[in-house]
Amino acid sequence: MKRFWGFVLKEFLHIFRDPRTMLILFGMPIVQILLFGYVITNEIKDIKIAILDQSKDPVTIELTNKIISSGFFILDRNIKSMNEVEDVFKEGNVRQVIIFESGFGRKLKREGTANIQLIADASDANTANLVVHYTMAIIDDFVREQNKLTGSPIQFIPEVRMLYNNELKGVYMFIPGIMAMILILVSAMMTSISIVREKELGTMETLLVSPLRPAQIILGKVTPYIALSFINAVTIIIMGNLVFGMPVQGSIILLLAESILYILLGLSLGILISTITKTQQNAMFISLFALMLPTILLSGFIFPIENMPKILQWLSILMPPRWFITIIKNIMLKGTGLMYVWKETLILIVMTSVFLGLSIRKFKIRLE
Amino acid sequence: MALNINNIHKSFEGLQALNNITFSVKEGELFGLIGPDGAGKTTLFRIITTLLLPDRGEVDLFGLDVLKNYKKIRQLVGYMAGRFSLYHDLTVEENLKFYATVFGTTIEKNYDLIKDVYCQIEPFKTRKAGKLSGGMKQKLALSCALIHKPRLLVLDEPTTGVDAVSRTEFWDMLKRLQKKGITILVSTPYMDEASLCNRVGLIQKGNLLSVNKPENIIAEYQRELLSVSSDNLYKLVNDLRNEKDTHSAFLFGQSVHLTRKDRKESVKQVIKYLRDKGHGSIHINVIKPGIEDCFMDLMHKEDEFLLSG
């Protein structure tokens, strides 16, 4: 045990004495959060919606068909009461609920106006905004067609509500994304680099010849990064809250526990990378290309997964950040508990075990 | 026997790095492995220290097989790798402390053993290892390798890149360590260091050419050796190498050591040849061979053997 702590101490000395490492560890999170405080717009496609049709008359059925056949939306389900709306959103698939008031067709015939309510999940602000605008455009189009047919002017009054993120802040989307990216970068890139550095400097030779077990070497290498990544996670949450007013609706303990799970996943990835690379530069490039780009592009961080080509959607299933982002968005914005994110959590646990198992198998007790 | 090496073969991607290496090192012996860069010294040492697996052959260390008992062996061996294996961003003291902790000991416990080496760098103990001179790095690396009282010390080219004074000091330190009962296996590309070992092995291109005491190697030298000098040293080497009766000609400092295929009247013939080539102030003496001459001769033979075979 003393050996192990001696090793950890040495590792901390390396970190604190290298200004570049310190900069990446503590400068990057802050700069990234400030940089990504902007919104990027994009197109929508195959957005899942739910419909609460309290009237079920020919007009609502025709309008429903028109919305669904537009190609932008997929009807996930029909719900029966207002109480179900919240549940549907918490499950996380459905982005918008369309509600037709009861007696919709009748009211339209009699008074010339009727009410539609659009409720969107705005924890992803961009998508929510776009979804609502697309829906309203379809409804407008429908109204115009109806006017032509009947000759008498009718009017729909859509009422829009943004759930979870009333002000449509894009930054709410980016903070989970940044957290996912920075944690995996720090834990995977920094550990892989620091392990490979020992190989490059030739000190690994001496460590291997020492009575230290491989597990001790690896654990000693990653322990400091667990601590530092955790500090990072907390910094990001606090900064998100103080600077951008990002709330934490759910349990903070669950949020931190999920972060630690994700950090462990990053570390096991880092160890795996270190077993297959020989130089620090290699380790860095693999980390950047294999981790950072996919995190940004494929995790739903910037581009909605629903809009990707099928093959990329499948690929995004393999991206740990995708699941982590879903989890923390749920906890932070919707305040959901483990009940709603157990599936994603399980996926992260399985991924961690696989990476860890692989790297233990690949770690060499000798030089080749 | 402290170390028995038997029929070791090792190749990397088809390139033969070690070819049928067999020798043994006695307990308490200072054994030198001499050879040029790329001869296979580091590979052999890595096999001995359990870092590499041989393709064929056995290595036995204090009765333990390096393949099966690598964990036990790692406790018994102090290994100083060719690149000194130090953390450049840690201070002298932190480096030593780290290696002490890793081997489950403390500086104080084994201070006795390293005192002789460490006291010379102790005044700089708060300096970063990366800022040390070559000689000081070498002493620190040796202290680190010694900190757990190993029975066998394996030193891979400890004197490479170190100034002449530090080299001499280093060999003195090794002699003193040897007196404390530590078996030492050291490699070096410098042939003049061979005479400081109890026994030496000459290795070239993965082949072990000769294992013997330095004085025996000199005694086995059979040629007549001439030391030749003139006013143009560079031209002298080339001219001598181009002469048809020359067996070998190597530059040694300010003179050329020359051996001839035909021993009759060699001095007269050489003087005549060199005068014809326009050399002035020619000096020729018959000299006794040093260990370097013997190695050059052995390596020359091996080369000829390899070329003809």
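Worth saying up front: this structure is predicted, and the values here are computed from it rather than measured. Order of the sequence lines fixes the chain letters, A, B, ..., with proteins taken first and strands second; residue numbering starts at 1 for each chain.
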Considering all heavy atoms, the nearest [X]-[Y] contact:
| X | Y | answer |
| --- | --- | --- |
| B:S85 | A:G202 | OG-O, 2.7 Å |
| B:A81 | A:E205 | CB-OE2, 3.5 Å |
| A:P211 | B:V102 | CD-O, 4.1 Å |

Can you tell me if [X] has over 12 outside heavy atoms packed within less than 6.0 Å of its [atom1]?
| X | atom1 | value |
| --- | --- | --- |
| A:I311 | CD1 | no |
| A:K362 | NZ | no |
| A:L242 | CG | yes |
| A:F285 | CZ | no |
| B:E122 | CD | yes |
| B:K115 | NZ | no |

Test log, rule side chain to side chain contact (heavy atoms under 4.5 Å, CB included), inputs A:L13 and B:D89: CA-CA 8 Å; A:L13 288 177; B:D89 50 344; over 6 Å; no

Leading residue by heavy atom contact count with chain B [cutoff under 4.5 Å; candidates A:K2, A:R197, A:E198, A:R213]: A:E198

Given a strict heavy-atom distance threshold of 4.5 Å, which part of [X] is in contact with chain A: side chain, backbone, both, or neither?
| X | answer |
| --- | --- |
| B:T105 | neither |
| B:L86 | backbone |
| B:K72 | neither |

Beyond-backbone contact of A:T203 with B:Y99, side-chain heavy atoms, under 4.5 angstrom: yes

Any side-chain heavy atom of A:R3 sitting closer than 4.5 Å to one from B:F103? no

Which of residues 90-98 of chain B have a heavy atom under 4.5 Å from any heavy atom of chain A? B:L90, B:T91, B:E94, B:F98

Between CZ of B:R74 and CG of A:L208, what distance do you get to the nearest 0.5 Å? 5.5 Å

Toward chain B, the part of A:L9 with a non-hydrogen atom under 4.5 Å: neither

How would you list, in number order, the residues of residues 226-235 of chain A that have a heavy atom less than 4.5 Å from chain B? none

Quickly, which of B:I73, B:L51, B:V154 forms a side-chain contact (heavy atoms from CB on, under 4.5 Å) with A:V209? Name it, please. B:L51

